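Structure first, commentary second.
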Amino acid sequence: MTGLRYVYAVCRPFDRPLPADLTGVAGVPPKPLAHGDLVAVVSHVPEADFAEEPLRARLEDLDWLSGTARAHQSVVDALTEVTSPLPLRLATVFRDDSGVRTMLEERADAFRQVLDRLDGRVEWGVKIYAEPREDTTGRMPQPRAASGRDYLLARRRQRSAHEELWERAEKFATRLHDTLSAGAEDSRLHAPQNPALSGASGRNVLNAAYLVPRATAEEFVELVERTKGEEPGLRVELTGPWAAYSFSGLDEPGGGREAGG
């Protein structure tokens, strides 16, 4: 088949098949491309979209980018069910199979090192949001007072309540992160999410990832679940299990050349 090679992830050889109906980027099913003791999972993609110049333009198209990211993630998720993949960056593209094999050869030692570390492990994400009390319209309740002095006092109490919530949120987030880190092999603290981009309600006070052995995942999940509702005004969200993006060291072993490189 003609076309460029889109690479989703690198992994060790695996025996369990991927779902027969799984499609990836550009609607093409992924396939394993073996080289020695490593496997790249790839799809054939059209040059019209993924050669260097058109790809640069496509990456400015948010609808196209969103669809491509979902397709990429669906393949990585399917791989996570059968092995412990090292996911590569979105839109990692090579000219042909030979280019992919060259990448595997050049980075073999680094790939093996990371894959050994990730073997049998998955990533769980935990977020904490502080949610100030709102009225039924979704706005912060406004103080009602008969005089200007009463109004200012009410506003001061409102600010004090907010400050108390943020302080409790920070302490709770620190305590929970320490507890979860003790139950994980590794952890990463990410920058808080921007609500305008994430669409999540509340103020994000913890955005963390945890590397957890599959064998102890149930205990880790139960540990998180027990904290939900523990602190009024704070919402705990758990996501996963994911491929270990936060622990893959993509800047070192995962980088690939784009088509034409």
Side-chain angles (χ1 to χ4, degrees), residues 7-12 14 16 18-19 22 24-25 30 41 66-90 92 111 114-131 169 172-195 197-231 234-251 253-254:
V7 188
Y8 302 92
V10 174
C11 53
R12 299 287 192 181
F14 52 94
R16 290 173 56 190
L18 293 171
L22 178 65
V25 172
V41 178
S66 177
T68 300
R70 286 195 300 271
H72 179 104
Q73 186 62 46
S74 70
V75 174
V76 174
D77 288 345
L79 281 168
T80 305
E81 295 293 322
V82 301
T83 186
S84 297
L86 168 55
L88 302 191
R89 296 185 185 93
L90 186 72
T92 298
F111 281 140
V114 177
L115 287 169
D116 286 345
R117 180 168 179 259
L118 301 183
D119 186 39
R121 296 159 179 84
V122 289
E123 176 175 326
W124 291 88
V126 177
K127 297 181 178 65
I128 299 175
Y129 296 91
E131 298 181 304
F172 177 71
T174 299
R175 186 169 69 251
L176 180 59
H177 177 63
D178 290 344
T179 299
L180 297 181
S181 296
E185 289 195 357
D186 202 354
S187 62
R188 294 284 187 275
L189 285 172
H190 299 304
Q193 287 188 324
N194 184 334
L197 300 177
S198 69
S201 63
R203 173 178 168 182
N204 185 206
V205 294
L206 178 70
N207 181 16
Y210 303 90
L211 184 66
V212 180
R214 292 180 189 269
T216 61
E218 185 174 346
E219 291 89 337
F220 183 85
V221 171
E222 289 177 355
L223 191 61
V224 178
E225 292 295 328
R226 287 200 298 270
T227 68
K228 293 185 177 181
E230 184 177 313
E231 285 283 349
L234 302 181
R235 185 177 82 255
V236 179
E237 290 187 356
L238 173 70
T239 60
W242 309 110
Y245 282 96
S246 299
F247 307 93
S248 61
L250 289 178
D251 288 340

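None of the values given here were measured: they were computed from a predicted structure. Residue numbers start at 1 and run along the sequence shown.
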Give a yes or no answer on whether the side chain of [X] reaches the backbone of [Y] with a donor-acceptor pair at less than 3.5 Å.
X: Tyr8; Y: Val25; answer: yes
X: Arg235; Y: Gly202; answer: no
X: Arg16; Y: Glu81; answer: yes
X: Ser181; Y: His177; answer: yes

Are [X] and [Y] close enough that some pair of their side-chain heavy atoms sits under 4.5 Å apart?
X: Leu18; Y: Pro30; value: yes
X: Phe172; Y: Val205; value: no
X: Leu118; Y: Leu211; value: yes

Exercise for the section: Report the residue from Leu180, Val221, Thr239 that forms a side chain to side chain contact (heavy atoms under 4.5 Å, CB included) with Trp124. Expected result: Val221
Completion exercise
Paired with Asp119, the side chain to side chain contact (heavy atoms under 4.5 Å, CB included) test is passed by just one of Cys11, Pro213, Ser84, namely Ser84
Practice task
Just do the side-chain contact (heavy atoms from CB on, under 4.5 Å) check on Arg117 and Leu86 with the steps written out, would you?
Solution key: CA-CA 10 Å; Arg117 180 168 179 259; Leu86 168 55; over 6 Å; no
Handout entry: Side-chain donor-acceptor contact under 3.5 Å, Ser74 with Arg70
Key = no
Interatomic spacing from [atom1] in [X] to [atom2] in [Y] - rounded to 0.5 Å:
X: Trp242; Y: Gln73; atom1: CH2; atom2: CD; answer: 6.0 Å
X: Ile128; Y: Asn207; atom1: CD1; atom2: CG; answer: 10.5 Å
X: Thr83; Y: Leu115; atom1: OG1; atom2: CG; answer: 8.0 Å
X: Gln193; Y: Tyr129; atom1: CD; atom2: OH; answer: 4.5 Å
X: Leu79; Y: Leu22; atom1: CG; atom2: CG; answer: 8.0 Å
X: Leu206; Y: Leu189; atom1: CG; atom2: CG; answer: 6.5 Å

Closest approach of [X] to [Y] (non-hydrogen atoms, all atoms of both residues):
X: Ser187; Y: Tyr210; value: CB-CD2, 3.6 Å
X: Ser201; Y: Glu131; value: OG-OE2, 3.1 Å
X: Ser248; Y: Val114; value: O-CG1, 3.5 Å
X: Pro87; Y: Tyr245; value: CB-CE2, 3.4 Å
X: Val76; Y: Ala243; value: CG1-CB, 3.5 Å
X: His72; Y: Val7; value: CE1-O, 4.4 Å

Exercise for the section: Would you mind checking if Arg121 and Asp186 are paired as a salt bridge, meaning a charged N to carboxylate O distance below 4.0 Å? Expected result: no
Practice task
Show your reasoning for whether side-chain contact (heavy atoms from CB on, under 4.5 Å) applies to Asn194 and Asn204.
Solution key: CA-CA 8 Å; Asn194 184 334; Asn204 185 206; over 6 Å; no
Problem - Residue Glu218 excluded, over 12 heavy atoms near CD under 6.0 Å - result: no
